[in-house]
2 protein chains.
Amino acid sequence: MPEQNASQSILDAAERIFALHGFEGASMRQISVEAGVAQALLHYHFGTKEKLYEAMFSRRSDAINTERAARLDVLFAAGGEQLPSLASLLEALFRPTVEFGHEGQAGNMFSRVLAATANADDERSRALIATHYDAIAQRFIDAFQRVVPGLKPSDAVWSYMFAIGVGMTMMAATGRAGRLSGGVCNDSDVDAVMARIVPFISAGIEALTSHSST
Amino acid sequence: MPEQNASQSILDAAERIFALHGFEGASMRQISVEAGVAQALLHYHFGTKEKLYEAMFSRRSDAINTERAARLDVLFAAGGEQLPSLASLLEALFRPTVEFGHEGQAGNMFSRVLAATANADDERSRALIATHYDAIAQRFIDAFQRVVPGLKPSDAVWSYMFAIGVGMTMMAATGRAGRLSGGVCNDSDVDAVMARIVPFISAGIEALTSHSST
DNA sequence: GTCTATAGTTCGATAGAC
DNA sequence: GTCTATCGAACTATAGAC
């Protein structure tokens, strides 16, 4: 049981409460109770609820996208003669999120925050995704074009959007797959989902090279 | 400009306000202003905020899923000798949502509500999806197995989950595809998205018949 | 840095006139 | 059915002691 400072406790509590109830549904009171500190301390360290949310979001997404960038660097290392596989790109896209999203906590709380933020269309969500995810997204879109011959630039963008959509099944982890399969499928079983997501998306992207629309 | 009764005005306003701000972020006051009625009238007609949300959700989802069921009935009509194509199943899955989601209103407000509800993991969202979407989901899962030889039952469930995930790109319509493509891709252009979603998902599902995991 | 106490606002819901 | 008026609870944020 490591002693950690109040800021970290607050961020951990915020991650969990925001994941369970959303930005509007979560309250500063609830977060302060979960963190075991006075409510005023949240404002002392982070100013407003809005800025606490941004700090909570940045902490994990910066770690995730640093790792993603490092993996892309390795895959496209200078001097490497052959291109990486599409499957290895998808591993680099998804693994850091499912590995860095939880840290000691039960369940992957940040993935739920991310799924909700990516799908919302309010200004706060849009700005967070644009600031923290658009640059790395461009790198993956470029990578798709390099490893899939004949993939048009616009279809590389669609490929990325669809891939993220499929990955949402794993990130949101609503338990619906289990319900629909009578308990056979488990959307929290990362390895099982990855084993299906990767071939599914790979084949989907390849198929976009041959469709006829503009 | 058709005269409509207060209940319909309230549901229309609720759909729009809930789509823009979520359940917790929307207020009964805001909805009453948008509908042009007194706030007390919302409680007279629908009781609580919770029940208003459910009424708003049911109105569109019942219309959508009645249409989906009718399309499945036609595709698998008794006496029909040949099986429908996978592409035609995906049309039956997605078209009713994008066509019935808006009715006069600009933008497809209900699709945004649906995307948020499907991805959330609170009890209200889970119950609404289970009540209004699980039965028709089972019909699509069964249909996938019938038209794709060699698709295992559990992979048919994953196919459905992944298909819905891809469709979220269109339903959430956050504008991100446009941002990432410098304006070339438009996630509100239903025909353009459908032209790519259908081959993408079709190829993805076919690919699941040959992967080796259990 | 961390606390208690509270100011000031907004919320969902209801009472009661018409 | 529709309105005005309002209650009591919850919220974000701040003031000020230690």
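Numbered from 1 within each chain, the chains take letters A, B, ... in sequence-line order.
For Ala38(A), taking side-chain heavy atoms from C-beta onward, the closest of the listed nucleotides dT2(C), dT4(C), dT4(D) is dT4(C).
For the pair Arg196(B) and Phe162(A), the cation-pi test (distance below 6.0 Å, angle within 45°) is failed.
Taking 4.0 Å as the cut-off between side-chain N and carboxylate O, Asp191(A) and Arg95(A) count as a salt-bridged pair. No salt bridge links Lys51(A) with Glu54(A); every basic N to acidic carboxylate O contact stays at or beyond 4.0 Å.
For the helix from dG1(C)-dC18(D) to dC18(C)-dG1(D), the angle separating the two terminal helix axes comes to 0°, with each axis derived from five pairs and the value rounded to 10°.
Partners of Val74(B) by side-chain contact (heavy atoms from CB on, under 4.5 Å), not counting sequence neighbours: none found. Contacts of Ser27(A) classified as side chain to side chain donor-acceptor pair (under 3.5 Å), with partners at least two apart in sequence or in another chain: none. In this view, Ser125(B) and Asp122(B) satisfy the side chain to side chain donor-acceptor pair (under 3.5 Å) rule, not counting sequence neighbours. The salt bridge (Lys or Arg N to Asp or Glu O under 4.0 Å) search around Asp73(B) returns Arg139(B), not counting sequence neighbours.
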Identify all pairs in which a protein N or O lies below 3.5 Å from an N or O of nucleotides 13-18 of chain D, and state each distance.
{"residue": "dA13(D)", "atom": "OP2", "partner": "His43(A)", "partner atom": "NE2", "Å": "3.2"}
{"residue": "dA13(D)", "atom": "OP2", "partner": "Lys49(A)", "partner atom": "N", "Å": "2.9"}

(request) For the pair Asp155(A) and Phe144(A), evaluate side chain to side chain contact (heavy atoms under 4.5 Å, CB included) and give the outcome as yes or no after the intermediate values. (result) CA-CA 10 Å; Asp155(A) 284 333; Phe144(A) 286 164; over 6 Å; no

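Following rounding to the nearest Å, Phe46(B) (CZ) and dG12(C) (P) show an atom-to-atom distance of 15 Å. When the P atom of dC11(D) is taken as reference, atom NE2 of His21(A) falls 11 Å away, rounded to whole Å. Phe23(B) places its CZ atom 12 Å from the C1' atom of dC11(C), with the value rounded to the nearest Å. The CG atom of Leu42(B) sits 13 Å away from the P atom of dT14(C) (whole-angstrom rounding). Regarding Leu41(B), its CG atom lies at a distance of 9 Å from the C1' atom of dC3(D), rounded to whole Å. Spacing between atom CZ of Phe18(B) and atom C1' of dG12(C) amounts to 11 Å, rounded to whole angstrom units. Distance CG (Leu52(A)) to C1' (dC11(D)): 15 Å, rounded to an integer number of Å. Computed from coordinates, the Glu24(A) CD to dA10(D) P distance equals 18 Å when rounded to whole Å.
A donor atom on one side chain and an acceptor atom on the other are found under 3.5 Å apart for Tyr53(B) and Thr117(B).
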